[in-house]
Amino acid sequence: ILQSDPKNIKALWQMGCVEFQQDNPQAALDPLNKGLSLAIQVDNQEQKALILQALGISYRQMNKPEEAMKNYQDSMTISRRLGLKRLLANSLSETAQVQITLGKPDAAMASYNQSLQILRDIGMTKDYGDILINRGVLFETRSDSDKALQDYKGALQIERDADDENLQAVCLSNIGGVYFAKGDTDNALTYYQQSLQLREK
């Protein structure tokens, strides 16, 4: 697509996303910055918000939290103005990950809670389940094992309904980890074995 149309903003954005999804965030910057420049030229605000979020993810993967936060915040400003609720919710979740890196767990929890509320309101169940796993991890790091368990179990049902076996395995392993930390080795072993079966599959 880019060979035939080098100024295709959507293709530049998606090329950047492919790069950071393949753990190559540095290579994502070139197509994303080109796409951002073009989106600004033609005043495509929605595409601009998407690209800014993708730039934030790339910088987060490059361990540049300040640059990541700036891009997330700029993306969220546009998302709020245009009512792009799903994009806003996902940017809030991304922001939470950076806030954890910056040693701000309370701010991260607030971001996760805002994200989950938006996703609940607009009925994006799969996204809700994915972010529930992340919040569960944060609860676990704060030694709140009961709330972590609640989030993991809630996410597990959603991932089962969505037939996402990879994230089911993550949930099962995380649940096993919480039970193991509680000293409940029987339950821990049960969930670890279920996770192992899915991962082997």
Side-chain angles (χ1 to χ4, degrees), residues 1-102 108 111-112 114-116 118-119 122-135 137 155 158-159 162-171 198-199:
I1 293 170
L2 288 170
Q3 283 179 351
S4 61
D5 181 11
K7 293 187 176 183
N8 187 309
I9 299 171
K10 187 174 182 181
L12 287 164
W13 163 60
Q14 291 181 327
M15 180 67 78
C17 291
V18 168
E19 291 289 3
F20 71 65
Q21 285 168 2
Q22 293 182 327
D23 296 323
N24 198 2
Q26 183 68 50
L29 297 182
D30 182 56
L32 290 174
N33 281 316
K34 285 179 182 175
L36 180 61
S37 178
L38 291 165
I40 292 169
Q41 285 177 35
V42 299
D43 195 30
N44 186 330
Q45 292 291 303
E46 182 172 351
Q47 204 66 58
K48 182 181 175 184
L50 286 163
I51 292 171
L52 285 165
Q53 185 199 60
L55 281 166
I57 294 169
S58 299
Y59 282 121
R60 174 175 62 77
Q61 290 183 356
M62 293 166 66
N63 295 315
K64 294 184 176 180
E66 290 80 12
E67 288 93 332
M69 284 295 287
K70 182 184 183 308
N71 282 281
Y72 289 146
Q73 287 166 354
D74 290 347
S75 177
M76 289 190 291
T77 297
I78 297 170
S79 296
R80 287 189 175 97
R81 189 172 69 244
L82 298 183
L84 305 173
K85 293 184 178 180
R86 184 182 184 186
L87 181 61
L88 175 60
N90 287 327
S91 291
L92 281 163
S93 176
E94 286 289 337
T95 297
Q97 294 182 54
V98 176
Q99 289 167 328
I100 291 168
T101 302
L102 293 171
S111 295
Y112 278 139
Q114 287 179 58
S115 175
L116 289 165
I118 293 168
L119 291 169
I122 62 176
M124 298 301 302
T125 306
K126 178 64 169 72
D127 290 31
Y128 184 91
D130 295 352
I131 293 171
L132 212 54
I133 297 171
N134 293 337
R135 191 179 69 173
V137 172
I158 292 169
E159 303 303 347
D163 201 28
D164 187 330
E165 292 188 333
N166 180 49
L167 286 182
Q168 286 176 52
V170 170
C171 290
L198 281 176
R199 292 180 188 277

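Residues: numbered from 1 along the sequence shown. Remember, predicted model here, so these are calculated numbers, not experimental data.
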Side-chain (T101) to main-chain (Q97) donor-acceptor, under 3.5 angstrom: yes
Note, V42 side chain near Q47 side chain (heavy atom, < 4.5 Å): no
Least distance between heavy atoms, L82 atom then E46 atom: CD1-N, 3.8 Å
pair V137-R135: side-chain heavy atoms closer than 4.5 Å: no
M15 atom CE, over 12 foreign heavy atoms within 6.0 Å: no
Smallest separation among heavy atoms of A89 and I131, with atom names: O-CD1, 4.3 Å
side-chain contact (heavy atoms from CB on, under 4.5 Å) between K10 and I1, intermediate numbers included: CA-CA 10 Å; K10 187 174 182 181; I1 293 170; over 6 Å; no
Side-chain donor or acceptor of D163 paired with backbone N/O of E159 under 3.5 Å: no
Side-chain donor/acceptor of Y72 to backbone N/O of I57, under 3.5 Å: yes
Taking every non-hydrogen atom, the tightest pair across L167 and D164: N-OD1, 3.0 Å
Atom pair CG/CD of N24 and E19 - distance to nearest 0.5 Å: 5.0 Å
I158 side, atom CD1; Q168 side, atom CD - distance, nearest 0.5 Å: 12.0 Å
K48/D74 salt bridge by N-O under 4.0 Å criterion: no
Exercise: identify the closest heavy-atom pair between I51 and G35: CD1-C, 3.4 Å
G129 to A155 - nearest heavy-atom pair and separation: O-CB, 3.5 Å
Contact summary for A49 and L84, nearest pair of heavy atoms: CB-CD1, 4.4 Å
4.5 Å side-chain heavy-atom contact, R80 and M76: yes
Donor + acceptor pair across side chains of Q45, D43 (<3.5 Å): yes
Gap separating the OG atom of S115 from the NZ atom of K85, nearest 0.5 angstrom: 13.5 Å
Short side-chain to backbone donor-acceptor contact, N33 and L29, under 3.5 Å: yes
Distance, nearest 0.5 Å, that separates CD of Q99 from CD of E94: 11.5 Å
D5 and K7: CA distance, side-chain angles, deciding distance, side-chain contact (heavy atoms from CB on, under 4.5 Å) verdict: CA-CA 5 Å; D5 181 11; K7 293 187 176 183; 4.1 Å; yes
Non-hydrogen side-chain atoms of P25 and Y59 separated by less than 4.5 Å: no
Salt-bridge present (E165, R199; N to O < 4.0 Å): no
From CA spacing to verdict: side-chain contact (heavy atoms from CB on, under 4.5 Å), L116, Y128: CA-CA 6 Å; L116 289 165; Y128 184 91; 3.6 Å; yes
Qualifying residue for side chain to side chain contact (heavy atoms under 4.5 Å, CB included) with S75, from L87, N90, L88: L87
Student check: side-chain heavy atoms of Q26 and Q61 closer than 4.5 Å: no
Polar side-chain atom of S111 near backbone of A96 as donor-acceptor pair, under 3.5 Å: no
Audit row: N8, L12, side-chain contact (heavy atoms from CB on, under 4.5 Å) steps and yes/no: CA-CA 6 Å; N8 187 309; L12 287 164; 5.8 Å; no
Nearest-0.5 Å distance that lies between atom CG in L32 and atom CG in L50: 10.5 Å
Spacing of L102 atom CG and T95 atom OG1 [to the nearest 0.5 Å]: 10.5 Å
